[in-house]
Trainee: 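Please find one structure pasted underneath; my questions will follow.
Computed over heavy atoms, backbone and side chain alike; hydrogens, waters and symmetry mates excluded. Chain A is the first sequence line, chain B the second, and so forth, proteins listed ahead of strands; every chain is numbered from 1.
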Amino acid sequence: MNRTKWLNVGRELLARKMGIVSVAILAIFVLGAIFAFLSPYDPNALNVLERLQSPNASHWFGTDDYGRDYFTRALYGGRVSLLVGFSAMILATTIGVLVGVVSGYFGGWIDNLLMRLLEIILSIPSFLVMLLLSVFLKPGLGSIVLIIGLLMWMNMARIIRAETLSIREREFVLYAKASGQNNWGIIVRHVLPSLVPVIIVGATNNVASAIMMESSLSFLGFGVQAPNATWGSMLNSAQGFIAQAPYMAIFPGGFILLTVLSFNILGDILRVGFEPKLNKR
Amino acid sequence: MRQLIARRLLQTIPLLFFVSIACFALVKMAPGDPVLSFVTPNMHAEDIERIRHNLGLDKPAYVQYWLWLKELFQGNLGYSLVNHQPVMDQILDRLPATAGLMGSAILLAVLLAIPLGLTAGANRDRWPDKLVNLFSYIGISVPLFWLAILLIYLFAIHLHWLPSMGMRSIGVNSAMDVLKHGILPCVVLAFGFLSVYVRYIRSSTIGQLKEEYVQIQYAFGSTKKTIVFRHVMKHVLLPVITLLGMSMADLVAGAIVTETVFSWPGIGSLGMTAVKGMDYPVIMGITLFSALFLILGNLLADILYGLADPRIKGAR
C-alpha cells in the first residue's frame with residue numbers, strides 16, 4: 001500500500017455522492033451512539049403515563065409500550081448494534097485472514113485440511129447453528145459477538161486465500177524467500193501488507209452482515225437481552241404494537257437499513273478505489 | 001462429463017459424513033439432559049436409569065453416533081423430546097409448506113431478475129441501471145423481517161387486503177385461501193433473492209456484451225434489443241443455474257425469520273419452536289436435512305453447469 005493508492009481511494013470516495021452520503025450517515029449514527037448520554041431521558045426509565053405517544057416535540061420518536069423515550073432507546077440501541085457489529089467483524093476478519101493466509105501461503109496438506117474444514121462449515125446452515133449456540137451460551141454481548149464472528153469468517157478466508165495464492169508467486173515474495181527470511185517474517189512483512197485492500201473491503205462488508213445477523217437474532221429474541229435494547233430487539237417488541245404504533249417499527253428498522261446500506265455501498269466504492277482498473281464498473 | 005459427476009459425487013460422501021458428525025457433536029455438546037423430558041415426578045432413580053439405557057444414552061459418544069447413523073440410514077431421525085413424535089414425520093409434514101413458499105419466491109425472483117438484470121447491464125451507468133442498482137442495494141441491505149412487518153402493516157392492518165398470519169383461514173380449505181396467505185411471505189422472500197440475482201445477471205450481461213459474438217451480431221445488423229434478449233440471455237442463464245443451486249440451501253432453513261414473522265407452518269418455524277424448546281433431535285434433524293439439501297444443491301448446480309457449458313469439463 002502506497003500513498004497514491006490511498007489517494008485514489010479518497011478520490012473515488014469523494015467523487016461519488018453515494019459515498020459521501022454513506023460516510024455522513026455512519027458518522028451521525030456513531031456520534032449518536034457515543035453521545036447517547038446527552039439525552040435528557042433514561043433509556044430504561046418506565047413511565048406508564050406516557051406510554052405509546054406518537055412522535056412529538058418532547059419525544060422526537062414517540063414513546064414505547066413502557067413509556068420510555070424511543071429516540072433515546074434508539075441511540076442506545078444503535079450503540080449496542082454498532083458495537084456488536086464491529087466486534088464480530090474484527091473476530092471474523094481475524095479468523096478469516098489467518099486461515100486464508102496460512103492456507104494460501106503454505107498450501108499442501110494444511111491448505112487441504114483447512115479448505116475441507118471450511119467446506120464442512122459452509123455446508124451447515126449457519127443461521128440455525130447461530131440460534132442453537134445462542135441457546136447454549138450464557139446470554140450477553142460477548143456470546144453474541146462470538147456466535148456471529150465464529151460463523152462469518154468463511155468468505156473472508158476464501159477471498160484471502162485466493163489473493164495470497166497470487167501474491168505468493170510475485171517477485172518480491174520470491175526475493176524475500178531467496179534472501180533467507182523465514183515464512184512468518186515474509187507473511188507479516190510482505191504478504192499481509194499487500195492484502196490490506198482486500199481485508200478492508202471484506203471487513204466493510206462484514207460489518208454490514210454482522211449488524212444484519214445481530215438484528216435478526218435479537219429480533220427473534222435470541223440476541224441481546226432486555227433491558228438492553230438493540231435495533232433488532234426494538235423491532236421485536238414493535239411487532240406487537242404495529243397497529244397502534246407503527247412508528248415503533250419504522251425507526252429502528254430504518255436505522256438498520258441505512259447502516260447496512262451505507263456499509264455495503266462503502267465496501268463497493270472501496271473495492272473500485274483500490275483496484276480502479278480491475279473493478280471499473 | 002461422466003468423470004466430473006463421479007468425482008463430485010465422491011467428494012460429497014465424506015462431506016456428508018463430516019457434516020453428520022458436526023451436527024451430532026453440536027447437539028451432544030448442548031447443555032441439559034434429554035432424559036429429563038421423559039421423567040415424571042413419581043419415578044424412581046432406577047426408572048430414570050432404565051430410560052437412559054433404553055435411549056442408549058449411557059453408551060460412549062462414538063457408539064451413540066454409530067447407532068444414530070444406523071437409524072439415519074433407515075430414515076429415522078429420532079423422536080422429538082417435546083411431543084415424542086418421529087422427527088422425520090414432522091419435517092416431511094412441514095416440507096410442502098416451505099418448499100411451496102420458497103419455490104414460488106425463487107421462481108418469482110428469477111422471472112423478475114432476468115429482464116431487470118439484462119436491462120441494467122445493457123444500459124450500464126444510465127438511468128435504468130442506476131435504478132436497478134439502487135433497488136438491489138436496498139434489497140441486500142433491508143432486514144427482511146422489517147420489510148415483512150411494514151407489509152403486514154400496510155396490506156393486512158391498514159388496507160385489510162391480505163391476511164398476515166398462517167397458511168389457511170380457520171375452517172376454510174381452498175387453494176385460493178392458501179395463495180392469499182402466501183402472497184406477503186412470498187414477496188418478502190422474493191425481494192431478498194431478487195436483489196442478489198439481479199447483481200449477478202447484470203454483471204454477467206456486462207461481461208457478455210464484450211464477447212465477440214455480440215460484435216458479429218452487430219455487424220449482421222441486429223439491434224441491441226435482439227442481441228441482449230436473444231443471444232446474451234442464453235449465456236446469462238448459466239450463472240442463474242448456480243444461483244438456483246445455492247438457493248436450494250435456503251429451501252429448507254433459510255426462511256426461519258420470514259416464516260416466524262408470518263407464522264407460516266413450514267420447516268423454518270418448526271426449527272424456531274425446536275430451538276426455543278431445546279428440542280435437540282428436531283434441531284439435529286432439520287440441520288442435517290438442510291445440509292443435505294445444500295450439498296445436493298451445489299452438486300446439482302455443478303453438474304448442470306457442466307452439462308450446459310462443456311468448456312468447464314476439466315476444471316474444478
Trainee: I need the minimum non-hydrogen distance between A/Leu131 and B/Val275, along with the two atoms involved.
Mentor: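 Taking A/Leu131 first and B/Val275 second, the nearest heavy atoms are O-CG1, 3.8 Å.
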Trainee: Grab the two heavy atoms, one from A/Pro125 and one from B/Ala291, that are nearest each other, plus how far apart they are.
Mentor: CD-N, 4.0 Å
Trainee: Other residues, nucleotides and ligands only: do more than 12 of their heavy atoms fall within 6.0 Å of CZ on A/Arg158?
Mentor: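 Not buried by this count: 12 neighbours or fewer within 6.0 Å.
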Trainee: Is there side-chain contact between B/Phe18 and A/Leu117, with at least one heavy-atom pair below 4.5 Å?
Mentor: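 Side chain of B/Phe18 against side chain of A/Leu117, heavy atoms only: no contact under 4.5 Å found.
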Trainee: Would you say B/Leu150 and A/Ile250 make side-chain contact, with heavy atoms under 4.5 Å?
Mentor: yes
Trainee: Heavy atoms only, distances under 4.5 angstrom: which of B/Ile140, B/Ile21, B/Leu292 has the most pairs with chain A? Name it, please.
Mentor: B/Ile140
Trainee: If you look at every heavy atom in A/Leu128 and B/Ile283, which pair is closest and at what distance?
Mentor: CD2-O, 4.4 Å
Trainee: If you check every heavy atom in residues 257-266 of chain A against those of chain B, which residues fall under 4.5 Å?
Mentor: A/Leu257, A/Val260, A/Leu261, A/Asn264, A/Ile265
Trainee: Which answer fits B/Ile138, side chain, backbone, both or neither, if we ask what part of it has an atom under 4.5 Å from a heavy atom of chain A?
Mentor: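 Interface part for B/Ile138: both.
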Trainee: Please check if the side chain of B/Trp146 supplies one atom and the backbone of A/Leu235 the other of a donor-acceptor pair under 3.5 Å.
Mentor: no
Trainee: Roughly how far, to the nearest 0.5 Å, is OG of A/Ser126 from CG of B/Leu294?
Mentor: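 OG of A/Ser126 is found 9.5 Å from CG of B/Leu294.
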Trainee: What residue in B/Leu134, B/Thr287, B/Ile295 has the most heavy-atom pairs under 4.5 Å with chain A?
Mentor: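 Top count of heavy-atom pairs under 4.5 Å with chain A: B/Thr287.
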Trainee: Of the non-hydrogen atoms in B/Ile149 and A/Gln239, which two are nearest, and what is the gap between them?
Mentor: CD1-CG, 4.1 Å
Trainee: With rounding to the nearest 0.5 angstrom, report the CZ to CE distance, A/Phe222 to B/Met272.
Mentor: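 It is 4.0 Å, given to the nearest 0.5 Å.
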Trainee: Kindly indicate whether the side chain of B/Thr260, heavy atoms from C-beta on, has any atom under 4.5 Å from the side chain of A/Phe219.
Mentor: no
